[in-house]
**Student:** 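Here you go, one structure.
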2 protein chains.
Amino acid sequence: MPCNKFGWHGKFKECGYRVTVGRKEILDVLTKTTGHLSAEEIYLKVHEKYQSIGLTTVYRTLDVLASIGLLQKFDFGDGRARYEIIDATNEKGHHHHLVCTECKRIIDYKDFIDEEVELLRKTEKALSEKYKFEIKNHLIQFYGLCSECQEHR
Amino acid sequence: MPCNKFGWHGKFKECGYRVTVGRKEILDVLTKTTGHLSAEEIYLKVHEKYQSIGLTTVYRTLDVLASIGLLQKFDFGDGRARYEIIDATNEKGHHHHLVCTECKRIIDYKDFIDEEVELLRKTEKALSEKYKFEIKNHLIQFYGLCSECQEHR
DNA sequence: TTTGCTAATGAAAACCATTTCCATTTATAA
DNA sequence: TTATAAATGGAAATGGTTTTCATTAGCAAA
Ligand SMILES: [Mn+2]
Ligand SMILES: [Mn+2]
Ligand SMILES: [Zn+2]
Ligand SMILES: [Zn+2]
């Protein structure tokens, strides 16, 4: 249910947040992009269509979106946070990442997600019971060298 | 083989790094601690025994250790990097994390269900073949609310 | 042991992503 | 339309991390 074009509006109000032009445009950029954008990159894209947006508002909106579970914040090791919408209805859907520690390239993958999903379900259940921990989300990243960076060795 | 008390010395030299007092003390702190220390926390602990250490050197040493695979750098969302030695011979050994998004508490777990280890192996193999990606390490974190933070709701 | 080369170091300054401050604007319910 | 509090933008502050540079120290060779 989270974040399709018809859902976020309602979810926003539920949580007591106002729907503003800036927030709409930020969500629009996030849902349309295929990359892993930083706050500044999001700001620049929004700014193309809506010049009065401020970088501060971008940061604040990203916080809001993450706090209500519509957005996931990543640290890929390049010194700035990067963001990706959480949307099961998105063509990308939930996926995990391969992170090249050399060139910082990010590879999305969801090929093996079936088995992984099954295991994740089990693991999450076991963990939440043992540690009385309420799991809301997870992060799985594999670090190493992409094919190109293996060659330059 | 990475990082037992007898191994890191050799690995250091192999990689062309000099063995210095500061580096020894930093490694000592890292191998003895049970927590997830930040650069400043490491600096303070080392400083107790070796006053002439500088924070800059701590940062530089942490980079070196991470680059040769003796140390893993984490982002738990509290605005600073945190570090943990990678050491199979350590009493803690390889483990994953539960991260409370409310109080920032970190729970280590290594009581993997059997399938978890096996699936990881399979996944890593499949991914490295399909994407020609050489996997060196992985990061698995579950985000949510710890038992205490569930109550304060 | 001594020497020479170069990596390593510490302190201060710079960097820069993110946050805070605050005066102004705007969404929204009445 | 109005009142009220949330949201906003720009400037300044913050603070973790990196860079700079003059000095120190590890270590291979003699
Ligand atoms: Mn992705
Ligand atoms: Mn841990
Ligand atoms: Zn690469
Ligand atoms: Zn908690």
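These numbers come from a predicted model, not from an experiment. These values consider heavy atoms only, across backbone and side chains, with no hydrogens, waters or symmetry-generated copies.
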**Student:** To check you understand the geometry: which heavy-atom pair defines the closest contact between His97(B) and Ile106(B), and what is its length?
**Tutor:**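 For His97(B) versus Ile106(B), the nearest heavy atoms are CD2-CG2, 3.6 Å.
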**Student:** Once you round it to whole Å, what is the distance between P of dA7(C) and NZ of Lys13(B)?
**Tutor:** 15 Å
**Student:** Starting from the 5' end of DNA chain D, give me the residue, Asp63(B) or Tyr17(B), whose nearest nucleotide shows up first.
**Tutor:**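 Upstream on the strand: Asp63(B).
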**Student:** Does NZ in Lys49(A) sit with more than 12 non-hydrogen atoms of other residues, nucleotides or ligands closer than 6.0 Å?
**Tutor:**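 No.
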**Student:** Ile26(B) CD1 to dT9(C) C1': how many Å, rounded?
**Tutor:**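 It works out to 11 Å between those atoms.
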**Student:** Extract, from 5' to 3' on DNA chain D, the first and final nucleotides lying under 4.0 angstrom from some heavy atom of chain B.
**Tutor:** dG16(D) to dC27(D)
**Student:** Between Arg60(B) and dT9(C), does any side-chain N or O lie under 4.0 Å from OP1 or OP2?
**Tutor:**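 For dT9(C), neither OP1 nor OP2 has a side-chain N or O of Arg60(B) closer than 4.0 Å.
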**Student:** Expressed in angstrom and rounded to an integer, what is the separation of Glu25(B) atom CD from dG10(C) atom P?
**Tutor:** 12 Å
**Student:** Do Asp28(B) and Lys24(B) meet the salt-bridge criterion of a basic N to acidic O distance under 4.0 Å?
**Tutor:**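 The answer is no: the pair does not qualify as a salt bridge.
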**Student:** Rounding to a whole Å, what distance do you find between Leu65(B):CG and dA8(C):C1'?
**Tutor:**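 Spelled out: CG on Leu65(B) to C1' on dA8(C) is 14 Å.
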**Student:** So which atom in Tyr83(A) and which in Leu62(A) form the shortest heavy-atom distance, rounded to 0.1 Å?
**Tutor:**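 Scanning both residues completely, I find the closest heavy atoms to be CE1-CD1, 3.5 Å.
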**Student:** Report the residue from Arg82(B), Arg80(B), His36(B) that forms a side-chain contact (heavy atoms from CB on, under 4.5 Å) with Glu41(B).
**Tutor:**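 Single pass found, and it is Arg82(B).
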**Student:** Nearest heavy-atom pair of Leu119(B) and Leu119(A): which atoms, and what distance?
**Tutor:**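 Scanning both residues, the minimum pair turns out to be CD2-CD2, 3.4 Å.
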**Student:** So which nucleotide from dT20(C), dG10(C), dA27(C) ends up closest to the side chain of Thr20(A)?
**Tutor:** dA27(C)
**Student:** Any idea how Phe142(B) and Tyr109(B) line up, ring-wise: parallel (<30°), tilted (30 to 60°), or perpendicular (>60°)?
**Tutor:**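 Taking Tyr109(B) first and then Phe142(B), their aromatic rings sit tilted (interplane angle of 30° to 60°).
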**Student:** Could you check whether the rings of Phe74(A) and Phe76(A) sit parallel, tilted or perpendicular, using 30° and 60° as the cut-offs?
**Tutor:** parallel
**Student:** Provide a list of protein-nucleic acid N or O atom pairs under 3.5 angstrom, restricted to nucleotides 16-18 of chain C.
**Tutor:**
{"unit_1": "dA17(C)", "atom_1": "OP1", "unit_2": "Arg80(A)", "atom_2": "NH2", "d": "3.4"}
{"unit_1": "dT18(C)", "atom_1": "OP1", "unit_2": "Ala81(A)", "atom_2": "N", "d": "2.9"}
{"unit_1": "dT18(C)", "atom_1": "OP2", "unit_2": "Tyr59(A)", "atom_2": "OH", "d": "2.5"}
{"unit_1": "dT18(C)", "atom_1": "O5'", "unit_2": "Tyr59(A)", "atom_2": "OH", "d": "3.3"}

**Student:** On DNA chain C, compare the nucleotides closest to Arg18(B) and Gly54(B); which residue's is nearer the 5' end?
**Tutor:** Arg18(B)
**Student:** Ignoring hydrogens, what is the shortest heavy-atom contact between Gly22(B) and Ile53(B)? Give both atom names and the distance.
**Tutor:** CA-CD1, 3.9 Å
